[in-house]
Amino acid sequence: MAQKRDKSSSLLKRLNRGSILWRAVLHSVVLSTIIIVVLSTTSYVFIISMVQRGVLGISVYELLQYGAQLGKTLLIFGGVFLALAVVLSFSFGRRLAEPFMEMRDKVEQIRPGHWKYRHTIRTNDEAEELDKVISSLTRRLQEVYENLEGIIEERTKQLREEYAKDRTILRTIRVGILVVDKNGTVLQVNPATASLLKTEERAIIGKPITAVLPMQKHEKLLTKEEHPVVRCLHDREEVLISPEVHLNVLLSGGTMLPVRVSVTPLQEKRTLLGAIVSFQDVTMERQLDYMKSDFITVASHHLRTPLSTVQWYLELLSAGDGGGKLTKEQKSFVVEMRMATKKMTAVLGELMDASRISEEGFTPVYEDVDMNDIVKDVIRNTQPLMKSKGVQHSVELLPQAAVVPTDRLLAGIIIQNLIHNAVKYSKADGSRVLHIRMKRSKQHMYVSVEDHGIGIPYAEQEHIFQKLYRASNARAVESNGAGLGLYSCRMLADRMGASLSFESKEGDGSTFIVSFPVVRKGKMLKKKQRRSTKKRA
């Protein structure tokens, strides 16, 4: 009995205007009041009409007396009826609400580790059906949770192992790794970064990448817009710096660290999250490259003088001034020797030009240049070579003037080298057609040279712009060559602010594309500078 009273008092405390019990009582009170008012009004109207017709045979005074007595009776009857309606509605509403309140109490107890929900409601109505459904749903939730908990635990274990492996790899590799946000602020670094930069990790995190990695390119300090990380975040494209581009990181104390840099953007669909920066110490490779360049320079200079002497004496022999008359066979030997010395002289010239380029011996002379004219001049100059090799060509120029701020001579050398290579390595099966195309965007002018020749093996494509490197199939087709043409093109393009790229498939040909920055309307060109040679410090 006491438990029942406690349950009733608890139920009353949790009543609110939206509960079933509250609405039952409120509806019963409203309905009872409406019934009483309707009955009273109907009785009053009926009696008044009877008096006015004289049916009752009483006076108005007597009617008022009867009305007063009737009002008292109706008031007592209405009060009793209203009280009875409230009691009955409260009792009915409480019995109706108790199962739902009990279900609410049991549902509130459900949580991970406490999934017990007993089916205790026996009302043989919708409340009992709902209690059964909740009990069944609780059992199924328990099963799903236990399975999900096992899956989460297993996945968490795997993630911990992967995280430990990744952290171990990052701590052991000797490549600097930095993670920056979309604004270029450093978020994370690995220990190799701090070691290479000769500082501490905490001194790097939170700083702008341009302050952490201030860079020089060929002894020229890069601006913020030219920084590889800033370019990657702005263009949302991967930035790979080739080994031929000499990048240095300025360390504290004024020392320089030769590096090779790559930057990859971090994106979630179209949202830029940041970038991952990796840089590697290439001091040894840079020193070997300098030693190789020095050797080429010294060897070229020392070979040129005796080679010139040999050429001079060969000229004398071929002119018959060698002290005696040569036989026909001897003359053929002299001709072969003269051709060999000419080839050697040409190779020495290429070596010396490449050496001057790598030592920044050329300063581009910028001027307004119509690329249509340059392409036409190059094709006109290479017509004899194409004719001798049996190569056909097609040209797609721009219908309007294609003006860019560049060096006319150096741009012509790049395009000429690309066309020479395309002619040299074209197939001899009738498919020897070159396609030279020009395209223009808002920011760049593109000149592409497409051939259907031998192509470049995929495994060797990353080395194709290196000094003195020639692909294996190129050496088989053309034995002559120093491997300096594409290297010089890449160096000249980089010096002029242009870029050189290619697509190739072995056996299907190659397409080389050189991209020149387009002059903007109203923008002043750089002042012309004289070409000069200078030795590397």
Side-chain angles (χ1 to χ4, degrees), residues 168-178 189-201 204 209 212-222 226-229 238-264 276-302 350-361 459-472 482-495 500 534-537:
T168 303
I169 292 173
L170 288 176
R171 288 184 176 277
T172 54
I173 61 174
R174 299 304 302 165
V175 177
I177 306 293
L178 302 95
V189 298
N190 68 333
T193 299
S195 176
L196 291 171
L197 299 180
K198 296 179 173 35
T199 184
E200 298 181 354
E201 294 184 27
I204 301 174
I209 189 64
V212 174
L213 294 178
M215 292 185 178
Q216 275 188 343
K217 179 179 178 182
H218 296 294
E219 301 181 1
K220 176 186 176 183
L221 187 64
L222 295 181
E226 295 172 336
H227 198 282
V229 180
E238 186 178 19
V239 176
L240 299 175
I241 307 299
S242 64
E244 294 79 20
V245 178
H246 289 184
L247 277 183
N248 300 314
V249 174
L250 297 179
L251 303 179
S252 57
T255 59
M256 292 188 299
L257 175 68
V259 294
R260 184 180 303 161
V261 179
S262 65
V263 190
T264 304
I276 296 179
V277 186
S278 64
F279 67 99
Q280 183 179 3
D281 183 4
V282 292
T283 302
M284 294 299 297
E285 291 88 337
R286 193 74 57 81
Q287 289 177 351
L288 289 175
D289 188 55
Y290 288 153
M291 291 171 64
K292 184 166 57 176
S293 298
D294 292 339
F295 171 77
I296 291 173
T297 302
V298 173
S300 300
H301 282 288
H302 282 280
E350 291 181 6
L351 290 172
M352 296 184 70
D353 289 341
S355 178
R356 284 196 294 270
I357 292 172
S358 62
E359 293 177 355
E360 299 189 13
E460 303 179 38
Q461 290 183 6
E462 62 177 329
H463 306 292
I464 202 65
F465 291 113
Q466 292 180 5
K467 187 187 295 183
L468 302 178
Y469 185 85
R470 298 185 71 207
S472 57
L484 295 170
L486 291 177
Y487 166 78
S488 299
C489 289
R490 184 66 172 267
M491 294 297 293
L492 289 175
D494 184 67
R495 193 70 51 78
L500 185 62
K534 59 179 180 179
K535 293 184 178 181
R536 185 179 64 251

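A quick note: this is a predicted structure, and the numbers were derived from the prediction, not measured.
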Distance, nearest 0.5 Å, that separates [atom1] of [X] from [atom2] of [Y]:
X: His246; Y: Arg260; atom1: NE2; atom2: CZ; value: 10.0 Å
X: Leu178; Y: Ile209; atom1: CG; atom2: CD1; value: 5.0 Å
X: Leu222; Y: Leu247; atom1: CG; atom2: CG; value: 6.0 Å
X: Leu240; Y: Ser262; atom1: CG; atom2: OG; value: 6.0 Å
X: Ile464; Y: Tyr487; atom1: CD1; atom2: OH; value: 14.5 Å
X: Leu257; Y: Gln280; atom1: CG; atom2: CD; value: 10.5 Å

>> Going by the rule side chain to side chain contact (heavy atoms under 4.5 Å, CB included), which residues pair with Gln216 if we only count those two or more places apart in sequence or in a different chain?
In response: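 Here the qualifying residues are Leu221, Asn248, Leu250, Met256.
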> What are the two closest heavy atoms between Pro258 and Thr283, and how far apart are they?
Replying inline: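 Taking every non-hydrogen atom into account, CD-OG1, 3.5 Å.
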> How would you list, by chain and number, every residue that makes a salt bridge (Lys or Arg N to Asp or Glu O under 4.0 Å) with Asp494, sequence neighbours excluded?
Replying inline: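 Checked Asp494 against salt bridge (Lys or Arg N to Asp or Glu O under 4.0 Å); matches are Lys217.
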>> My understanding is that only residues two or more places apart in sequence, or in another chain, count here; which of them pass side-chain hydrogen bond (donor to acceptor under 3.5 Å, both in side chains) with Glu460?
In response: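 Per chain and number, Glu460 pairs via side-chain hydrogen bond (donor to acceptor under 3.5 Å, both in side chains) with Tyr469, Ser472.
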>> Consider side chain to side chain contact (heavy atoms under 4.5 Å, CB included). Of Val261, Val259, Val263, which one does Ile241 pass it with?
In response: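 The option that passes is Val261.
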>> Can you tell me which residue among Val249, Asp281, Leu251 is in a side chain to side chain contact (heavy atoms under 4.5 Å, CB included) with Leu196?
In response: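 For Leu196, the side chain to side chain contact (heavy atoms under 4.5 Å, CB included) check succeeds only for Asp281.
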> Got a donor-acceptor contact below 3.5 angstrom from the Thr264 side chain to the Glu238 backbone?
Replying inline: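 No.
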